[in-house]
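Note sheet for the following structure.
All values derive from a computational prediction rather than experimental measurement. The chains referred to below are lettered A, B, ... by the order of the sequence lines, with proteins before strands, and numbering in each begins at 1.
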There are 2 protein chains.
Amino acid sequence: MQDKSNILLIGCGGIGTITALNLETGGKAAVTAVLRSNYEHVKAHGFSIKSVDHGEVQEFRPSTLRKTIPDVKEESLPPYRYIIVTTKNYPDVPPTAAEIIKPAVTPGYTRIVLIQNGLNIEKPLIAAYPDNIVLSGVSFCGSHEVATGKIVHEDDDELYVGAFRNPHLSADEEDGAAQEFCQIYGAGGKCKPEFNPNVGFSRWRKLLYNACLNSICAITDLDTGRIQLADGALDLLVRPAMEEIRAAAKACGHDLPAELVDFMITMDPITMYNPPSMQVDVRKGRFTEYENIVGEALNEGKARDVPMPTLTVLYGILKAMQWRTKERKGLVEIPAPVDHTVKN
Amino acid sequence: MQDKSNILLIGCGGIGTITALNLETGGKAAVTAVLRSNYEHVKAHGFSIKSVDHGEVQEFRPSTLRKTIPDVKEESLPPYRYIIVTTKNYPDVPPTAAEIIKPAVTPGYTRIVLIQNGLNIEKPLIAAYPDNIVLSGVSFCGSHEVATGKIVHEDDDELYVGAFRNPHLSADEEDGAAQEFCQIYGAGGKCKPEFNPNVGFSRWRKLLYNACLNSICAITDLDTGRIQLADGALDLLVRPAMEEIRAAAKACGHDLPAELVDFMITMDPITMYNPPSMQVDVRKGRFTEYENIVGEALNEGKARDVPMPTLTVLYGILKAMQWRTKERKGLVEIPAPVDHTVKN
């Protein structure tokens with residue numbers, strides 16, 4: 001049996017913590033997790049997890065906890081075989097993932113695993129690390145950090161892993177890395193990731209959920225249960241948006257079966273009243289991943305002359321909401337208000 | 001000089017209070033105002049008004065204050081010549097304006113003045129009161145009740161009055177009533193309402209603002225200043241929606257000049273940071289007037305085969321948000337939540 005894989009995990013919220021738990025449970029990985037706001041709490045108390053797959057887990061700690069990104073050279077650390085990024089992706093708000101992981105990447109050795117949503121997320125990483133394999137993780141996993149260090153995982157962990165194609169690297173080696181990662185992740189037996197040679201298909205498939213349900217829930221502040229109940233929301237918004245994604249995916253060579261529309265709509269049971277990730281982000285005043293989730297889908301579809309009127313409007317709204325968040329966080333300046341009750 | 005007109009005013013918030021102030025100032029009207037949540041406060045202290053037209057006005061009280069709709073017969077009251085309705089219009093949430101004003105209407109005598117937004121608002125009133133003239137008031141007036149009984153009026157009062165056509169009544173009499181109302185309203189000199197024989201044009205013209213800016217501000221929670229500043233909001237949302245309204249208006253026989261688009265966008269100066277009515281409603285957890293403002297415009301346009309993709313999406317979002325408000329107010333029931341962290 002081989003030594004444990006040395007794995008760095010960036011982003012230890014709802015999805016990241018379940019990722020760490022699966023990896024550590026399998027015994028084939030030693031996980032270094034980089035925590036931010038929850039570092040002190042988790043160092044003292046560990047994560048407290050209530051999981052549909054793992055049951056109740058108290059005081060869970062990845063092998064190593066860190067507050068900062070490791071600098072492999074400066075700190076003379078052993079190289080990381082995998083860096084898993086589960087953070088949100090905001091290309092319009094620096095720093096990007098490619099910038100963040102820089103000191104932890106060993107060129108030609110480290111595999112970068114993006115368990116993140118949307119399209120074209122690999123492009124800046126392949127550009128920055130042309131000699132490193134970049135893997136795609138598409139996760140369907142309802143898991144939220146409901147309080148600091150407290151994780152509620154109520155929707156089965158389903159993970160599809162494949163390789164983003166880098167023309168400079170061997171496709172066989174890329175696929176081999178994806179398969180090895182599946183073995184390490186699945187060793188604990190609670191979640192068996194599926195090796196997925198057609199990354200594009202999986203990513204477009206998940207966009208049915210993300211570009212449509214996720215974004216519409218974020219805009220309307222209705223969770224995935226309520227969106228199924230609300231007057232006209234499915235017929236006026238969700239289904240038209242999903243059909244646009246199907247048409248754009250088809251134009252890109254990915255045939256998403258019509259049945260997937262209802263499958264995605266009912267994936268979260270009504271009575272779970274699950275707020276999807278973008279809705280949580282909006283509620284918490286955070287940025288949303290609208291550029292990769294909606295914007296890139298639009299770009300790909302429009303480049304192929306696919307009409308996408310619904311997603312165009314959703315994109316415009318999400319972009320306006322992102323500006324609002326930037327303004328609230330002090331990242332844009334606006335002219336001072338003037339008292340208009342007095343005539344000049 | 002004639003006696004004062006006996007006028008009933010329903011809805012004494014931002015717009016209604018300025019309406020009462022104009023009418024009382026002119027000396028040609030005695031206004032009975034029906035107040036709800038602010039009745040006790042206004043009875044004790046009057047309205048405190050800071051107005052771009054009227055300056056600072058303290059302790060303003062309409063001639064008569066009431067908590068309930070007068071029952072003219074039961075209470076043996078003199079009949080009302082005008083009933084002005086400035087309340088919001090929610091055809092999807094009863095009771096409707098036609099139901100509310102019933103005990104105050106004297107058939108064949110009372111003129112009903114709807115200073116309300118949107119299209120087809122007169123239909124239920126003409127159906128309920130076929131012998132009464134129904135007038136249209138289209139108001140551009142930035143005025144808000146910022147605290148109980150405290151009105152800030154920061155945008156010039158601009159009012160267009162005309163008659164909704166009732167085929168059973170004389171058009172001359174209808175127009176005469178509209179002109180008389182303009183005289184009564186304008187007698188104070190602070191606001192000169194414009195007699196407006198083409199009600200359809202004025203209402204579609206105002207929809208440029210309401211169906212587009214107002215609804216988009218409500219959805220994005222950006223006021224009319226910020227919507228001019230936010231990335232892409234005008235080009236991706238506001239302008240396309242306005243062009244759809246122009247196309248629908250044209251199909252209905254109303255030619256809204258192209259320059260009106262920019263006129264409406266810049267009508268509220270950026271530095272006013274004015275939250276339009278629907279945005280205020282959403283912020284306060286109230287219902288919005290989306291059915292008359294967006295839904296009826298869509299109905300009219302679609303009936304004439306005008307493509308309105310942007311407004312279709314905005315309508316779907318506003319309808320979903322209305323459902324959310326209904327649910328929060330306990331007007332719809334949803335299935336109880338189930339704990340999905342435990343597998344069956």
Could you have a look at [options] and say which one has the most heavy-atom pairs with chain B under 4.5 angstrom?
options                        : result
A/A233, A/P335, A/G142, A/G232 : A/P335
A/M272, A/E56, A/M321          : A/M272
A/L236, A/V152, A/D231         : A/D231
A/H153, A/R226, A/E327         : A/R226

Answer yes or no: is there a side-chain heavy-atom contact under 4.5 Å between A/W323 and B/L222?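 In short, these two side chains touch, coming nearer than 4.5 Å.
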
Stepwise salt bridge (charged side-chain N to carboxylate O under 4.0 Å, His left out) test for B/E300 and B/R304: CA-CA 7 Å; B/E300 297 295 329; B/R304 290 159 183 86; 3.0 Å; yes

Chain A heavy atoms under 4.5 Å from B/S51: which part of the residue, side chain, backbone, both or neither? backbone

Region of B/Q322 that comes under 4.5 Å of a non-hydrogen atom in chain A: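 Looking at B/Q322, nothing touches chain A.
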
With a 3.5 Å cut-off and no angle check, do the side chains of B/Q279 and B/D221 form a donor-acceptor pair? yes

Between B/N274 and B/H144: side-chain donor-acceptor atoms closer than 3.5 Å: yes

How are the rings of A/Y209 and A/F140 set to each other: parallel, tilted or perpendicular (split at 30° and 60°)?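 Aromatic pair A/Y209/A/F140 classed perpendicular.
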
Tell me, side chain or backbone of [X] under 4.5 Å from chain B's heavy atoms, or both, or neither?
X      : value
A/D235 : neither
A/L237 : side chain
A/A336 : backbone
A/V338 : both
A/P269 : side chain

Are there more than 12 heavy atoms of other residues, nucleotides or ligands under 6.0 Å from atom NZ of A/K190?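 Check fails, neighbour count at 12 or below.
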
Pick from B/L314, B/L229, B/I227 with the largest number of heavy-atom pairs that fall under 4.5 Å of chain A: B/L229

Of the non-hydrogen atoms in A/I265 and A/Q228, which two are nearest, and what is the gap between them? O-NE2, 3.2 Å

Rounded to the nearest 0.5 angstrom, the SG-CG distance for B/C217 and B/D268 is 8.5 Å

